[in-house]
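Bear in mind that the values here come from a model prediction, so they are computed numbers and not experimental data.
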Amino acid sequence: MEETIILLREQTIFCSRLLKLFADLTESLKKNSLTMLEIVNQIEPAIAELSKNSLKAQEFLERQQFSNFNEFINSQPAGVKKDVAIRLLQHNSDLQSKLQRQTKILQRLTDKGKNFVNFNLNVLSRTSANPTYGAEAKTGSQSGRRLFDANI
């Protein structure tokens, strides 16, 4: 049970750190700040550490012949350590749900930013707008092809 608590505590720490970094990245994207690269550079090692922890947890569960921590913890006798493990497991589950929501927000923000950049590149390159933007545009463009295509 000790190893379970250690693995779950590590997982809680890594998920909490990632959640904080994801929130910082979201704010950076919203403010169009230059700190994005710095935050991404911090996220990569945190994800690597969480991945290592996940592998250790999977190996532990295989040794114990259980498919997940919930089954393993429920099979243990009642006691303080079991209560601690249950609370850690619930906290990890909550953190992972928050990470999933934050990841979806980041995905939408990056997609929106990419579409904004593509739109501006189309405007600057005088790309013909007939199929992309609705009414046929009259521009000085000699090419009917688009290098970038975005619907904003």
Atom pairs and distances, side-chain donor-acceptor, residues 52-59, under 3.5 Å, sequence neighbours left out:
from	atom 1	to	atom 2	distance (Å)
Asn53	ND2	Leu7	O	3.3
Asn53	ND2	Glu10	OE1	2.9
Lys56	NZ	Glu10	OE1	3.4

Acceptor/donor pairs from residues 12-25 side chains to any protein atom, 3.5 angstrom cut, sequence neighbours excluded:
from	atom 1	to	atom 2	distance (Å)
Thr12	OG1	Leu8	O	2.8
Thr12	OG1	Asn92	OD1	2.6
Ser16	OG	Thr12	O	2.8
Lys20	NZ	Asp24	OD1	3.0
Lys20	NZ	Asp24	OD2	3.0

Could you pull out every donor-acceptor pair under 3.5 Å between side chains of residues 93-102 and any protein atom, sequence neighbours left out?
from	atom 1	to	atom 2	distance (Å)
Asp94	OD1	Gln90	NE2	3.1
Ser97	OG	Ser93	O	3.1
Gln102	NE2	Thr26	OG1	2.6

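With sequence neighbours excluded, no residue forms a side chain to side chain donor-acceptor pair (under 3.5 Å) with Gln64. Asn68 pairs by the side chain to side chain donor-acceptor pair (under 3.5 Å) definition with nothing, not counting sequence neighbours. Listed by chain and residue number, nothing satisfies the salt bridge (charged side-chain N to carboxylate O under 4.0 Å, His left out) test with Glu62 (two or more places apart in sequence, or in another chain). Residues that satisfy the side chain to side chain donor-acceptor pair (under 3.5 Å) test with Asn41, not counting sequence neighbours, are absent from this structure. For Glu3, the salt bridge (charged side-chain N to carboxylate O under 4.0 Å, His left out) partners two or more places apart in sequence, or in a different chain, are Arg63. Every residue two or more places apart in sequence or in another chain that forms a side chain to side chain donor-acceptor pair (under 3.5 Å) with Thr35 is listed here: Ser28, Ser33.
Sorted by first and then second residue, the salt bridge (charged side-chain N to carboxylate O under 4.0 Å, His left out) pairs with a member in residues 79-92 read Glu2-Lys81; sequence neighbours excluded. Applying the ring pair (Phe, Tyr, Trp, His ring centres under 6.0 Å) test to pairs two or more places apart or on separate chains, none has a residue in residues 86-107. Listed by first and then second residue, the ring pair (Phe, Tyr, Trp, His ring centres under 6.0 Å) pairs that reach into residues 47-66 are Phe60-Phe72, Phe66-Phe72, sequence neighbours excluded.
The NZ atom of Lys112 sits 12.0 Å away from the OG1 atom of Thr110 when rounded to the nearest 0.5 Å. Rounding to the nearest 0.5 angstrom, the gap separating the CD1 atom in Ile43 from the CE atom in Met36 is 11.5 Å.
Residue Leu50 is not grouped with residue Ile6 when hydrophobic side chains (ILVMFWY) are merged at heavy-atom distances under 4.5 angstrom, including chains of intermediate members. Linking Ile, Leu, Val, Met, Phe, Trp and Tyr whenever their side-chain heavy atoms come within less than 4.5 Å puts Ile105 and Val40 in one cluster.
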Pair Arg9, Val84 - check side-chain contact (heavy atoms from CB on, under 4.5 Å), show working. CA-CA 10 Å; Arg9 278 187 180 150; Val84 169; 4.2 Å; yes
